[in-house]
Amino acid sequence: MFSPLVERCNLTPKDIINGTYRVEKLLGEGTFGLVYKVRHISEGKDYALKLLKLWMVSSEERLVLQKRFDREYETGRIHSNYLVHSVDKGILKGNPYIVMEFCSNGDLENAVMENKVDLAYAGDCILRGLGDLHSQGKVHRDLKPANVLIKDNGEVVLTDFGIAGDQNNRLTQRGIFGTPKELFGTYAYMPPEQLHPKGNNATVLPTTDIFSFGVMMYELICGFLPFGNLDSEADLVTYTTRAKNGTWDKSRLLNKKEGKEWERLIVGCLEPDFKKRLQNSADCIKLLPLSKREYNLPKTKHHLSQSNISLGSFASTPTLRIMQGEEYGRTYNLSEFLKFSKIITIGREDTHIYNMISVKETESFFISRCHCCIEYNSATNKWLIRDGQWRISCPIGLKKAATNPCSICREQNCDRSFKFQWKNSTNGTYVNSTEVSSTGMVMNNGDIISIGDVKIRIEGI
């Protein structure tokens with residue numbers, strides 16, 4: 001999809017795109033993107049078209065931006081009743097575009113203000129959408145009222161998945177479609193572990209979205225952000241410090257008519273320690289106001305998300321599939337590795353370190369070179385994952401020799417003049433939302449492994 005030849009592309013109403021879409025009007029513009037309402041000429045149906053302004057960036061930045069843009073398109077192909085779906089993509093004068101569902105009823109903030117949607121119903125839909133994203137190894141990372149839209153039939157859906165795979169750039173750069181104002185607003189919903197990372201920890205978990213959900217629901221109920229004003233740059237330090245300390249105005253919530261029934265859920269979402277926070281959308285759904293949630297459950301049939309991106313059902317053989325990261329869609333057949341070893345090492349691709357699975361990571365370096373390992377127990381027919389790896393203090397043993405690993409590094413009964421030691425990862429290894437220790441955790445089919453910004457799904461075990 002990448003084209004090195006890029007020209008300015010300004011669309012106007014009545015322009016025809018690739019003989020298929022007619023431009024109706026401009027809906028919005030950000031730093032690197034334009035969003036138009038377009039009509040499919042033969043279908044007579046309206047869609048939203050998002051155009052990436054590659055002509056506005058240097059040639060060095062284009063490939064990175066386009067990778068993120070492609071990830072947004074792929075995320076929009078996940079089967080879900082609660083996500084805005086990608087329906088088409090193409091290129092105009094070297095600039096990629098995505099065609100998506102058009103939601104005519106605006107975003108959640110306006111819908112709540114105008115009493116067009118019940119908040120408990122909206123919360124149920126949002127959490128189900130997050131669950132569908134998380135089950136596919138995706139974390140939204142930019143959840144806020146502007147990224148929750150209302151469809152023509154009143155259904156509530158999540159949109160704007162361009163942040164996926166781009167954690168810390170959002171803190172220091174404008175988003176792909178973000179103006180400075182939009183970027184500043186995003187800080188309001190970020191959890192402390194993103195705003196104040198410890199030891200460059202960049203592992204992003206579903207709990208990131210859970211925190212943002214809590215901020216958003218508090219704001220929609222109370223009309224204020226939970227951690228104080230955030231109207232200027234001067235407020236930013238105070239706001240983020242209060243978020244880190246878990247200092248928020250509960251009395252304002254409880255003074256609202258519906259505040260008491262939302263209290264347990266919002267308290268669980270706004271926990272500053274992500275390990276103590278509500279861990280997934282299913283836990284949150286249980287705490288939604290029951291009467292409203294039961295009354296407003298969508299009429300459409302719920303189903304497990306299943307990506308439409310040449311995945312089909314889970315693999316029939318033990319497989320690792322990269323669901324988020326630079327090598328999105330790549331698979332590893334674990335049975336093939338068992339021919340050489342029952343211990344499969346995983347780490348960042350590096351010419352000086354041998355790993356049986358080397359994960360490419362060039363946009364950030366949050367995966368350790370000796371990050372984790374997977375072991376197979378033939379007696380129990382179970383697969384175990386451990387954080388870290390056994391490594392030897394031999395400089396040769398840490399290096400990749402030609403195409404084969406050093407025998408010293410591979411065999412624990414090697415020359416005893418070299419000392420083995422366990423090397424833990426820098427940023428941790430997680431299965432779903434649970435941190436894995438060096439003692440290990442048994443894996444199950446469908447589990448999501450998080451290492452840095454990369455998400456890997458377990459299939460066929």
Side-chain angles (χ1 to χ4, degrees), residues 1-4 6 9 11 17-18 20-21 23 27-38 40 43 45-57 61-103 129-130 132-143 147-149 151 157-167 169-170 175-178 305-312 321-330 363 453-455 457:
M1 189 175 169
F2 179 72
S3 172
V6 177
C9 183
L11 299 174
I17 300 172
N18 290 343
T20 305
Y21 304 99
V23 177
L27 294 174
E29 180 174 4
T31 306
F32 300 124
L34 294 155
V35 182
Y36 297 91
K37 178 183 177 182
V38 299
H40 194 287
E43 292 180 359
K45 185 176 180 181
D46 292 333
Y47 292 96
L49 183 146
K50 186 178 290 188
L51 178 70
L52 183 60
K53 298 189 295 185
L54 283 187
W55 73 83
M56 296 289 292
V57 300
E61 295 177 298
R62 288 173 183 169
L63 185 56
V64 173
L65 284 176
Q66 181 147 356
K67 283 182 179 179
R68 298 177 197 161
F69 198 63
D70 289 342
R71 283 196 286 264
E72 178 170 9
Y73 171 79
E74 301 293 359
T75 302
R77 295 177 66 201
I78 293 174
H79 292 307
S80 171
N81 295 324
Y82 311 102
L83 306 178
V84 172
H85 296 123
S86 304
V87 298
D88 196 5
K89 64 179 178 178
I91 294 179
L92 286 174
K93 297 182 179 181
N95 303 281
Y97 66 82
I98 295 173
V99 179
M100 306 170 293
E101 292 180 293
F102 177 67
C103 300
L130 292 177
D132 287 342
L133 286 174
H134 299 162
S135 70
Q136 294 294 311
K138 304 287 184 181
V139 178
H140 192 290
R141 307 187 195 190
D142 198 21
L143 184 64
N147 288 338
V148 181
L149 302 181
K151 297 174 71 172
V157 289
L158 305 181
T159 190
D160 195 358
F161 312 118
I163 191 70
D166 177 32
Q167 180 194 8
N169 282 348
R170 195 69 167 193
I176 298 176
F177 305 104
S305 297
Q306 193 58 246
S307 175
N308 191 34
I309 313 158
S310 61
L311 295 184
R321 187 185 301 272
I322 296 182
M323 303 300 296
Q324 181 168 293
E326 295 179 46
E327 298 179 291
Y328 172 81
R330 183 171 182 178
E363 294 182 20
D453 267 348
V454 174
K455 300 287 187 288
R457 188 170 69 186

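Listed here is the closest heavy atom pair of D142 and N147: O-ND2, 2.7 Å. Residues L158 and G129 share a closest heavy-atom pair of CD1-C, 3.8 Å. Of all the heavy atoms in D46 and F102, the pair that sits closest is O-CB, 3.6 Å. The minimum heavy-atom distance linking Y21 with H40 is given by the pair CE2-CD2, 3.6 Å. L83 and T75 get closest at one heavy-atom pair: CD1-O, 4.4 Å.
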Let's go through Y97 and N18 carefully: what are the C-alpha distance in whole Å and the side-chain angles of both, what is the deciding distance for side chain to side chain contact (heavy atoms under 4.5 Å, CB included) to 0.1 Å, and is it a yes or a no? CA-CA 11 Å; Y97 66 82; N18 290 343; 2.7 Å; yes
Could you go through Q136 and K455, starting from their C-alpha distance and side-chain angles, then the distance that decides it, and tell me whether this counts as side chain to side chain contact (heavy atoms under 4.5 Å, CB included)? CA-CA 9 Å; Q136 294 294 311; K455 300 287 187 288; over 6 Å; no
Test L65 against R68 for side chain to side chain contact (heavy atoms under 4.5 Å, CB included), laying out the working first. CA-CA 5 Å; L65 284 176; R68 298 177 197 161; 3.9 Å; yes
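Residues passing the salt bridge (Lys or Arg N to Asp or Glu O under 4.0 Å) test with K45: none are found, sequence neighbours excluded. Residues forming a side-chain hydrogen bond (donor to acceptor under 3.5 Å, both in side chains) with Y73 (at least two apart in sequence, or on another chain): none. With sequence neighbours left out, the salt bridge (Lys or Arg N to Asp or Glu O under 4.0 Å) criterion links D88 to no other residue. Residues forming a side-chain hydrogen bond (donor to acceptor under 3.5 Å, both in side chains) with K151 (at least two apart in sequence, or on another chain): E101. Applying the ring-ring contact (aromatic ring centres under 6.0 Å, His included) test to Y36 and every residue at least two apart in sequence or in another chain returns nothing.
Counting heavy atoms from C-beta on, the side chains of L52 and N95 never come closer than 4.5 Å. Using a 4.5 Å heavy-atom threshold, the side chains of K50 and F69 count as touching.
H85 NE2 to I78 CD1: the interatomic distance, rounded to the nearest 0.5 Å, is 9.0 Å. Atom CE of M323 is separated from atom OH of Y328 by 5.0 Å, given to the nearest 0.5 angstrom. Rounded to the nearest 0.5 Å, atoms CD (E72) and CD1 (I98) are 4.5 Å apart. Note that OG of S135 is 11.0 Å distant from CG of L130, once rounded to the nearest 0.5 Å.
Judged purely by atom type and a 3.5 angstrom limit, H140 uses its side chain to pair as donor or acceptor with the backbone of D160. Judged by distance alone, the side chain of K138 and the main-chain N or O of D132 form no donor-acceptor pair under 3.5 Å. In this structure, the side chain of R62 engages the main chain of L54 through a donor-acceptor pair within 3.5 Å.
Paired with C9 under the rule side chain to side chain contact (heavy atoms under 4.5 Å, CB included), one option of L34, I91, L51, I17 passes, and it is L51.
Taking 4.0 Å as the cut-off between side-chain N and carboxylate O, R71 and E74 do not count as a salt-bridged pair.
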